[in-house]
Amino acid sequence: RVEETSHDEVGELAKAFNIMSGRVLQMINGTKELTANISHHIRSPLTRISVSVELMRDKIVSGKMKDAESMLSSIEQEIEEIVRLTENIIELIRVEVAHKSDEYSKMSLTDIASETFSKYKDLMQLKSIYHSIDYSKIPVNIYGVYRDICELFDILYDNAVRYTYEKGSISFSIYQDDGEVTITLANNSLPLTEDMLNSIFEPFKRFAPEKISGNGLGLAIAKRIVENHEGSIQAESKGDFFSLKIVFRQKRLIS
């Protein structure tokens with residue numbers, strides 16, 4: 001960093017240089033933190049697999065094959081978790097660096113919302129979750145990457161269903177007004193503090209009980225997808241309701 005000793009052109013240059021160097025430092029620190037988190041999330045299940053292998057070997061030697069089968073199932077679950085984590089990390093990197101404007105096409109957000117709801121309908125019924133939908137029967141169209149927008153809706157519903165307790169509720173709405181499309185999804189959840197909300201879109205940030213599976217990458221990916229489409233996403237927590245609000249502006253809309 002350099003000293004900002006004047007208010008002329010040189011001073012403005014020094015100020016701009018310091019801002020740039022701060023952003024570079026932030027990016028470097030963010031990369032280090034992400035790498036450390038990835039290492040931790042992969043090393044932990046690998047450690048548990050090693051322990052299970054040793055225990056299974058002892059069970060086999062002692063002839064307790066039934067117990068060995070149980071250990072094998074545990075190893076399989078850990079491997080599945082590593083695979084899911086790896087896929088999510090790859091996906092996070094993809095939406096960070098591989099967004100191409102030539103992949104844009106016209107799509108209906110209301111159609112994608114209906115298709116996504118159908119995927120989670122049975123799971124919501126299983127948890128006795130009340131679900132309400134509010135959007136126009138007239139298709140709300142957007143110009144974007146179809147695969148990414150589908151993944152965005154999938155992340156929204158997956159999170160909502162995962163964190164909503166039994167007999168809770170989920171509400172979903174899409175409306176278009178004055179050159180903007182606003183998507184809102186709200187669900188029952190444990191209250192979150194302001195500090196939690198400020199960091200909820202960072203990779204590997206989770207504020208849920210350990211019994212709820214997940215690796216904290218879903219909302220990080222969702223944020224990248226929204227920003228790639230020049231939109232904004234905000235999280236809010238009021239009482240026992242958590243909500244996400246996404247806004248796409250006119251530049252990406254198609255009438």
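- Of the possible polar contacts, one joining the N188 side chain to the S169 backbone as a donor-acceptor pair under 3.5 Å is found.
- With hydrogens and angles ignored, the 3.5 Å screen pairs a side-chain donor or acceptor of K127 with a backbone N or O of V161.
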task = Go through H229 and I149 one step at a time and tell me if the side-chain contact (heavy atoms from CB on, under 4.5 Å) criterion holds.
result = CA-CA 9 Å; H229 289 80; I149 297 299; 3.9 Å; yes

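- I221 and E151 make their closest contact through CG2-OE2, 3.8 Å (heavy atoms, listed as atom of the first residue, atom of the second, distance).
- Between S108 and E115 the shortest side-chain heavy-atom distance does not fall below 4.5 Å.
- Here the CD1-OG distance, from I142 to S105, works out to 10.5 Å after rounding to the nearest 0.5 Å.
- Within the 4.5 Å cutoff, no side-chain heavy atoms of Q176 are placed close to those of L109.
- In terms of modelled atom types and a separation under 3.5 Å, the side chain of S199 and the main chain of E202 share no donor-acceptor contact.
- For F201, there are no ring-ring contact (aromatic ring centres under 6.0 Å, His included) partners two or more places apart in sequence or in a different chain.
- The nearest pair of heavy atoms linking R162 to D158 is NH2-OD2, 2.6 Å.
- Using a 4.5 Å cut-off on side-chain heavy atoms (C-beta onward), E236 and Q234 make no contact.
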side-chain contact (heavy atoms from CB on, under 4.5 Å) between L219 and L244, worked out = CA-CA 10 Å; L219 289 183; L244 290 170; 3.7 Å; yes

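- Salt-bridge annotation for R84 and E81: present, with a side-chain N of the basic residue lying under 4.0 Å from a carboxylate O of the acidic one.
- Side-chain contact between I246 and L156: present, with at least one pair of heavy atoms (C-beta onward) separated by less than 4.5 Å.
- Between R147 and E91 a salt bridge is recorded (basic side-chain N to carboxylate O distance below 4.0 Å).
- Under a 4.0 Å N-O distance rule, the pair K15/E12 does not qualify as a salt bridge.
- Residue E227 places its CD atom among more than 12 non-hydrogen atoms of other residues, nucleotides or ligands, all under 6.0 Å distant.
- A donor-acceptor pair under 3.5 Å links the side-chain atoms of N228 to the main chain of V95, judged by distance alone.
- Nearest heavy atoms, V145 versus M107: C-CE, 3.7 Å.
- Shown here are the ring-ring contact (aromatic ring centres under 6.0 Å, His included) partners of Y157, two or more places apart in sequence or in another chain: H131, F172.
- Using a 4.5 Å cut-off on side-chain heavy atoms (C-beta onward), D134 and S171 make no contact.
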request  = Apply side-chain contact (heavy atoms from CB on, under 4.5 Å) to the pair L197 and F242, showing each step before the final yes or no.
outcome  = CA-CA 10 Å; L197 292 173; F242 171 79; 4.0 Å; yes

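- Considering all non-hydrogen atoms of both residues, L190 and S237 come closest at O-OG, 4.4 Å.
- Between Y163 and I170, every side-chain heavy-atom pair lies at or beyond the 4.5 Å cut-off.
- Using a 4.5 Å cut-off on side-chain heavy atoms (C-beta onward), V140 and Y135 make no contact.
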task = Kindly indicate, with the supporting measurements, whether the criterion side-chain contact (heavy atoms from CB on, under 4.5 Å) is fulfilled by T182 and D177.
result = CA-CA 8 Å; T182 302; D177 181 55; over 6 Å; no

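- Placement of I49 and I60 within a single hydrophobic cluster is found when ILVMFWY residues are connected by side-chain heavy-atom separations under 4.5 Å, directly or transitively.
- Looking at every heavy atom in both residues, L92 comes nearest to P203 through CD2-CG, 4.0 Å.
- In this structure, S128 and K167 have side chains that are in contact, with non-hydrogen atoms separated by less than 4.5 Å.
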Output a table of donor-acceptor pairs, distance under 3.5 Å, between side-chain atoms of residues 119-126 and any protein atom two or more places apart or on a different chain; print 'none' if there are none.
unit_1, atom_1, unit_2, atom_2, d
K119, NZ, D154, OD1, 2.8
Y120, OH, D154, O, 3.4
Y120, OH, D154, OD1, 3.0
Y120, OH, D154, OD2, 3.4

